[in-house]
Amino acid sequence: MEIKNVRVRFAPSPTGALHIGGMRTALYNYLFARKTGGTFILRIEDTDQLRYVPGAESYILESLQWAGLLPDEGPGFGGGAYGPYRQSERKDIYQRYAQELIRSGHAYYAFDTPEMLEACRQETQEKGESAFKYDSQTRLKMSNSLTLPEEEVQARIERGDPWAIRLKVPSGEIIEVDDLVRGIVHFQSNELDDKVILKSDGMPTYHLANIVDDHLMEITHVIRGEEWLPSTAHHVLLYRAFGWEMPRFSHLPLILKPSGQGKLSKRDGVQLGIPVFPLSWKGDTPEDSFTGFREAGFLPNAVINFLALLGWNPGTDQELFTLDELVEAFTIEKIGKSGSRFDYDKAKWFNQQYIMATSDETLAGLVRPMVEAQGYHPRESFLQAFCGMMKERVVVLSDFWDTGRYFFEDLVVFDEKTIAKKWDTGNKTLFEGMISRLEALESFDPETVHQAMEAYMQEKNLKPGDVFPILRIALIGTMKGPGVAEMLSLFGPAELRRRLERAFGLFDALVSQ
RNA sequence: GGUCCGUUCGUCUAGGGGUUAGGACGUAUCCCUUUCACGGAUAAAACACGGGUUCGAUUCCCGUACGGACUGCCA
């Protein structure tokens, strides 16, 4: 057999925001392409002008960019020999091939309007029969170029009557699909309906467009969602009708709702308050607007890592992967067959792991806009040190501000219970003595600060429990947070005196109430 | 309803004719510790059911149940 270069495509429809499941499909295609030294192609399937949503295509591009899954070919990415990559720009190509199918007897004109078909469906449903299907059993009762005389067909077409082209599914055949994930799947052609392949508006349906493009673009492997498995039989028929070689198919398991049943939908995101899209999307209505993983404070590598392991695993205990490591480990054979539930807790865990592994400098760059949006402009060294001591205490990027805001602003609320229990106005002079001692320090690194405190505490016969909780709350208002010496070091002598004196005043007021 | 796909701890999953059925998230407890986290340790927790095949099935086959996808001139 001829060995061809692998060419795979990610073919989303620009009907809205790109779902996280689509993101995973893109990822697996990307990984397979990189692993095999092949080509990763982006194709925009915009043959449905009714469902077309402006901005969706750029959303898809931005999502892929954010995730680091850049196509080798696609709209705006070159690869001229195979373009264009938007199906709406390939209309005439599909029409040519549809005509070829008519000539070879594999397809026919159908004049039945959507309204008439709807009536047929209604009727069978009311009679309690199984759903109406336009197939080898019923097509001779409908109005099409199989039942109408040749002259009538011509007359209708010339008159401008609307028509569509349907695939003429042969009867009595067994169709075999050899799926790389699922093995061999059989279909009886008698069960298949005569799918519309060219719509009355002159656009192809997915079925035709997908086969023609995959052939013309020399796609070798089709990796797509499981929802396509049932129509793959039609696709096989199309390849046969054209006499074209088929790509290999791999149908990916679905991503399921976090709880309950069914596949993950955008509704789950808003209902549970969790992101199910890579980036935020602003639709026409609040119900059609979503927060993305990026805006929820996730790092792209964490999302990629999480997604990669949802339905695939390398067969080892490794959980953390760089993109390059994923490429190295990825094989289609290791893709699972059953649907995977979307586990947001696991996603957060991945994010935390990635944040901890990110340098303070990089983190500061990500956190700065959030802090500045609040009106604070910390020194870079301060911000970096802040990120360094907070990064193992946050899960998403926004936590840096949410749980660390009191490093920038003066506290207005503090852990009153602990203060009521621990604060003794009479001890204030002891703390003031400690402040003076610290101010006299030549070096202000955490280690020196800590030693000075220990020495002072020993001198004055103070216990850690009498000192640390009070300082901690006086500094940032809460019992949660980095080590006290670290924080003192971060603030430096002047700011530490300011914060402590202000807080002690607050404590006095509280206790005297 | 019909067609197709699937089923190992709560979740993501490894494994595969003979295993104490392994790991991770989450949960609980403990250790580390000035707090919180991080890190470490321990624990509870799974082969849907019924028939075969076999000396032996969680693993192979067939049913059943359950779940899912598809069933548009949507993709």
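Residue numbering restarts at 1 for every chain, and letters A, B, ... go by the order of the sequence lines. Side-chain atoms are counted along with the backbone in the values below, which use heavy atoms only and exclude waters and symmetry mates.
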Query - Under-4.0 Å side-chain N/O to phosphate OP1/OP2 contact, A:Arg166 with B:C73 - result: yes

Query raised in the report: Does A:Gln352 place a side-chain N or O at less than 4.0 Å from the phosphate oxygens OP1/OP2 of B:C38?
Result: yes

Query raised in the report: B:C73 P sits how many Å from A:Met142 CE, rounded?
Result: 10 Å

Report task. Calculate the interatomic distance between A:Phe187 atom CZ and B:C5 atom P; express it in whole Å. Result -> 7 Å

Requested in this report: Rounded to whole angstrom, note down the C1' distance from B:A46 over to B:A24.
Outcome: 15 Å

Collect all protein-nucleotide pairs involving nucleotides 42-47 of chain B in which both atoms are nitrogen or oxygen and the distance is under 3.5 Å.
none

Report task. Using the six-membered ring for Trp and the full ring for Phe, Tyr or His, decide whether A:Trp349 stacks on the six-membered base ring of B:C25 (centres under 5.5 Å, planes under 30°). Result -> no

Query raised in the report: From the list B:G15, B:A69, B:C36, which nucleotide is the closest neighbour of the side chain of A:Lys480?
Result: B:C36

Query raised in the report: Think A:Thr418 has a side-chain N or O under 4.0 angstrom from the OP1 or OP2 of B:U35?
Result: no

Report task. Answer yes or no: does a side-chain N or O of A:Arg393 lie under 4.0 Å from OP1 or OP2 of B:C38? Result -> no

Query raised in the report: Quantified in whole Å, what is the C1' atom distance between nucleotide B:A44 and nucleotide B:C36?
Result: 26 Å

Report task. Name every residue in residues 194-206 of chain A that has at least one heavy atom under 4.0 Å from any atom of RNA chain B, in order of residue number, or write none if there are no such residues. Result -> A:Val196, A:Lys199, A:Ser200, A:Pro204, A:Thr205, A:Tyr206

Query raised in the report: Would you say A:Lys337 reaches B:U13's phosphate, i.e. side-chain N/O to OP1/OP2 under 4.0 Å?
Result: no

Requested in this report: Determine, for A:Glu459 against A:Arg437, whether the closest basic-nitrogen to carboxylate-oxygen distance falls under 4.0 angstrom.
Outcome: yes

Query - Short side-chain N/O contact from A:Arg121 to OP1 or OP2 of B:C73, under 4.0 Å - result: yes

